[in-house]
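FYI, side chains are in, hydrogens and waters are out, and symmetry mates aren't considered; it's all heavy atoms of this structure. Note on naming: letters A, B, ... go to the chains in the order of the sequence lines (proteins, then strands), and numbering restarts at 1 for each one.
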Amino acid sequence: MNAIVSPIGRERLVIIGNGMVGHHGIEQLVERGATGRYEVHVFGEERQRAYDRVHLSEYFGGRDAESLAMCEADYYARHGIHAHLGVQVLEIDRERCEVVTTEGRHSYDKLILATGSYPFVPPIAGAEGNSRLVYRTLDDLDAIRAAAQGARRGVVVGGGLLGLEAANALKSLGLEAHVVEFAPRLMPVQLDAEGGAALKARIEALGVGVHLSRATQEIAIGEAYAYRMNFQDGDFLETDLIVFSAGIRPQDALARAAGLELGARGGVAVDNDCRTSDPAIYAIGECAAWNGSVFGLVAPGYSMARTVAAQLAGEAHAPFTGADMSTKLKLLGVDVGSIGDAQGATLGSKSYRFIDEARASYRRLVVSPDGKTVIGAVLVGDNSYYDTLLQYAQNGIKLPAEPSGLILPAGEGAPALGADALPDTATICSCHNVTKGAVCCQVDAGVTDLGELKAATKAGTGCGGCAALLKQVFEHELSARGVEVDKSLCEHFAYTRQELYGIVRVEGIKRFDELLAKHGRGHVGCDICKPAVGSILASCWNQPITDPALIPLQDTNDTFMANMQKNGTYSIVPRIAGGEITPDKLIVLGEVAKKYDLYTKITGGQRIDLFGAQLHQLPDIWGELIAAGFETGHAYGKSLRTVKSCVGSTWCRYGVQDSVGMALFLENRYKGLRAPHKIKFAVSGCTRECAEAQSKDVGVIATDKGWNLYVAGNGGMRPRHAELLATDLDDDTLVRYIDRFLMFYVRTADRLQRTSVWRESLEGGLDYLKQVVIDDRLSLAAELEAQMQHVVDTYECEWANALKDEEKLKRFRTFVNDARPDPDIHFVKERGQPRPARVSELHLISVTEEVV
Amino acid sequence: MNLPNALRVESRSASAARWYPLCQRADLVANSGVVAWLDGEQVALFHVPDTETGDQVFAIDNKDPKSGANVIGRGLIGQLKGELVIASPLYKQHFRLQDGSCVEYPEQRLRVWPVRLHGEQVEIGLD
């Protein structure tokens, strides 16, 4: 018997499919308050709740299923949604209005099909097991990962959008990746011939093999690899695994069996309300065919979900009348954009083309026969032109007198269409259908913070592609209303950090009071500007931070050169460059920790952290450490922390370079460099990347020809993959590029801005960074290198410096008029080590223990 | 020296009945803080030589009410809207040096003492 009883008047809504679109439908129902009207049951075939399929390849880059999830674990429960995950729907019984699942029968009043699509695998003889993998679900990715164990080469069949994503996934698994495409160019749907050629050149430069106009006839046993793909033209390619990504097919089996009308090329036929031939049943997303077309992007699916949710909520709804298939993405790190009639198929249309064979960049602008509006565009290599072109195309904005200017390289990045030129109806965020008008409404309602705006409208929270445009429109609307976008550092300095850095450099200012007197307000400063200026002074002049004029600027951790913990004690991290340590030094750490009864833990940066030292103990502890040859690890500073490394070619059978040697060299070069925020490095000895360099601010990965340099990655709260800046560098060039990159960051970042966030806010993006660091477009390279060399040449261990100076050591007294330690600090033992006592444990500590 | 424990001086402008020597002037650190022991109390001392009203010393409770740790003396001195404040090093909330009130959380308030420089001595006022 079915125990679930619906309250009277509450209809039952069943949703089949818990992908991105199905989930969006639920979110929309919740948002519109429709969960009061309907008891909602959602059935998902996969075990996991809805996850972000658009960013699936990041699963191999370290993201797990949980971080890809579209909502919090308790989202459904919190909103009274009954989620049946890992449950397959076997049949729709339209007569009884029931769905038949592996769990039993469930009745419905309304039914939404959001079953998505499945990968099309062409019938090729011999395709099975590891030669017939697909790329769609997390389970598929697990299968690919398993197949990649011990494999050297992987092939993707299909050179479309998903195929290139899959190739990226194979590459990130450490395989030599190849793409085999039937058509004579990559991404045949979105790109024209020249665009395809530019993309091919870029991708080949990344080491991915591209094989065009190849039809695979059969898959046989290979000689050098597990399989051999025999092509129709007699050629062949051997590989250890094959992933098929040759297009998708709408998952319409349930609808077909239930006798619902289908589209001519598959998919459940729907009208403008997304209603199927059965009025109680809707279909949304990739399983639906509107006007015979299936839309394989997430934005149209979301749009359908909104249309249906509005109807179910009894609200006025916008009909679904097709979707713009314009798209902008980063495939294998290459920018690719396609807008409207990208191939210029419209009769009488004219095109402007820009081809840069040296950089493998290509842009095409397709204009209407009357030459007045943009009807399509192709971009390869630089998507900074995309937002502007899309606005021109979508809003029918009249072209400028010289349309070619829209795709020609400009001095300072791509020309931007002024935010004021956009009509209120212009869509800013297509994932969540947020228009410029909606942004204006929020600004009128008093929103002055971008984060608030995103929370209120969801704009920029889908694919994130509109982030730059959203910020531009938002700031424009703010200033149009007289709200000044204040970029002052604090109330004492009406300058940004970058401006202050410039002033300090140019005027040679070495003291805070001098800077404040000349360029600031007041006599004192505050806890924002003092550490920021302290950091700038250290980056520029590298004088010891404990000097009397500098010490009042430092945050407590820098003042006492240790990391304050919650009970006011400190942790101590000596430098262990590259994570390499002799047994003798390891013993010293153990002995010191034992002598001072310090809680001891290995850090994520291959160092050892000693916790629980009181202020007055720090000089004694450091005296012993320095005597044993240690130096400060700067764990307390906004400065270089560690250079993590794997053992590299010295020990590892896969290593191709001496990663430990390089890590030691880099750590010793950049130690002591103070920056807007902390900086972490890693060096991996081969492409297996055991040092996890791609999650670091600076990541170095060995190749058989030298080093690949990755920059601006991050772990922690906001993980970001580092981006490849340059490949196959020799040692000297590697160091020069890192010098330039770091000093450019130090020079231009905001206070407390990690390299990842800095890079994302850098106008012109990665290409611009490459121009600065590699091509020296700003003619800054020599200056940046010289500035870095100054920091390197003036390095001094801060602890060694302080220990030589009795005056500086006076700071390390718990009480200036009494020798006792802080009587309120209590420890208890846990797992054989001390930890701070909790308030509830204080009564357990006997009074005698407190005596000095 | 045996000093009364439960002192209630709400503002440093209040006149003190008696001045006791606490530490040496040389123990202070300009534009920064140190901590003195006062018979079971911990007093954070901040020396600000260059204010609008000249050379000033402030005495304020060393215990951070949010963490319960004795760390206020290791905070950073600043000026917010003209008022001198100390930022707690753990959770960064600001306390006014003048009266110990908290800028962000009115329920948090630190005790303050009158304090003065007398020759080479730093003296604290107790009633």
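- For the pair A/N817 (side chain) and B/A36 (backbone), a donor-acceptor distance under 3.5 Å is absent.
- Residue-level contacts of residues 561-569 of chain A with chain B, in order of numbering, are A/M564, A/Q565, A/K566, A/N567, A/G568; threshold 4.5 Å between heavy atoms.
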- request: Take A/C526 and B/H94 through the side chain to side chain contact (heavy atoms under 4.5 Å, CB included) test and state the conclusion after the steps.
  value: CA-CA 10 Å; A/C526 67; B/H94 300 88; over 6 Å; no
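- Counting heavy atoms from C-beta outward, B/L76 and A/D555 have side chains that approach closer than 4.5 Å.
- With a 4.5 angstrom heavy-atom cutoff, A/Q554 touches chain B only via backbone atoms.
- Within a 6.0 Å sphere centred on CD of A/E806, heavy atoms belonging to other residues, nucleotides or ligands number 12 at most.
- Residues B/V29 and A/K810 are not in side-chain contact: their nearest non-hydrogen atoms beyond the backbone lie 4.5 Å or more apart.
- Using a 4.5 Å cut-off on side-chain heavy atoms (C-beta onward), B/I77 and A/K530 make contact.
- For A/F812, the ring pair (Phe, Tyr, Trp, His ring centres under 6.0 Å) partners at least two apart in sequence or on another chain are A/F560, A/W799.
- Ranking B/L22, B/D27, B/L28 against chain A, the residue ahead of the rest is B/D27, based on heavy-atom pairs under 4.5 Å.
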Please table the atom pairs, donor to acceptor, closer than 3.5 Å between any side-chain atom in residues 541-549 of chain A and protein atoms at least two apart or in another chain.
from: A/W541; atom 1: NE1; to: A/I509; atom 2: O; distance (Å): 2.7
from: A/N542; atom 1: ND2; to: A/V791; atom 2: O; distance (Å): 3.1
from: A/N542; atom 1: ND2; to: A/T794; atom 2: OG1; distance (Å): 2.9
from: A/T546; atom 1: OG1; to: A/K808; atom 2: NZ; distance (Å): 3.3
from: A/D547; atom 1: OD1; to: A/K808; atom 2: NZ; distance (Å): 3.0

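- For CZ of A/R835, the number of neighbouring non-hydrogen atoms (other residues, nucleotides, ligands) closer than 6.0 Å is greater than 12.
- Of the two parts of A/L553, only the backbone, made up of N, CA, C and O, holds a non-hydrogen atom closer than 4.5 Å to a non-hydrogen atom of chain B.
- Of the listed residues A/D818, A/D824, A/D822, A/I825, the one with more heavy-atom pairs under 4.5 angstrom with chain B than any other is A/D822.
- The ring pair (Phe, Tyr, Trp, His ring centres under 6.0 Å) check on A/Y495 picks up nothing, with sequence neighbours excluded.
- Side-chain contact between B/R74 and A/T559 is absent, with no heavy-atom pair separated by less than 4.5 Å.
- The closest donor-acceptor contact from the side chain of A/R813 to the backbone of B/V34 lies at 3.5 Å or more, if one exists at all.
- A 6.0 Å sphere centred on NZ of A/K829 holds more than 12 heavy atoms belonging to other residues, nucleotides or ligands.
- Shown here for B/A87 and A/D527, the closest heavy-atom pair between the two residues is CB-OD2, 3.4 Å.
- Residues A/T814 and B/V35 form no side-chain contact, since every pair of their non-hydrogen atoms from C-beta on lies 4.5 Å or further apart.
- Heavy-atom distances place both the backbone and the side chain of B/K81 under 4.5 Å from chain A.
- Using a 4.5 Å heavy-atom threshold, the side chains of B/Q24 and A/V816 count as separate.
- To the nearest 0.5 angstrom, A/H492 atom NE2 is 6.5 Å from B/L80 atom CG.
- Within 6.0 Å of the NZ atom in A/K601, the count of heavy atoms belonging to other residues, nucleotides or ligands does not exceed 12.
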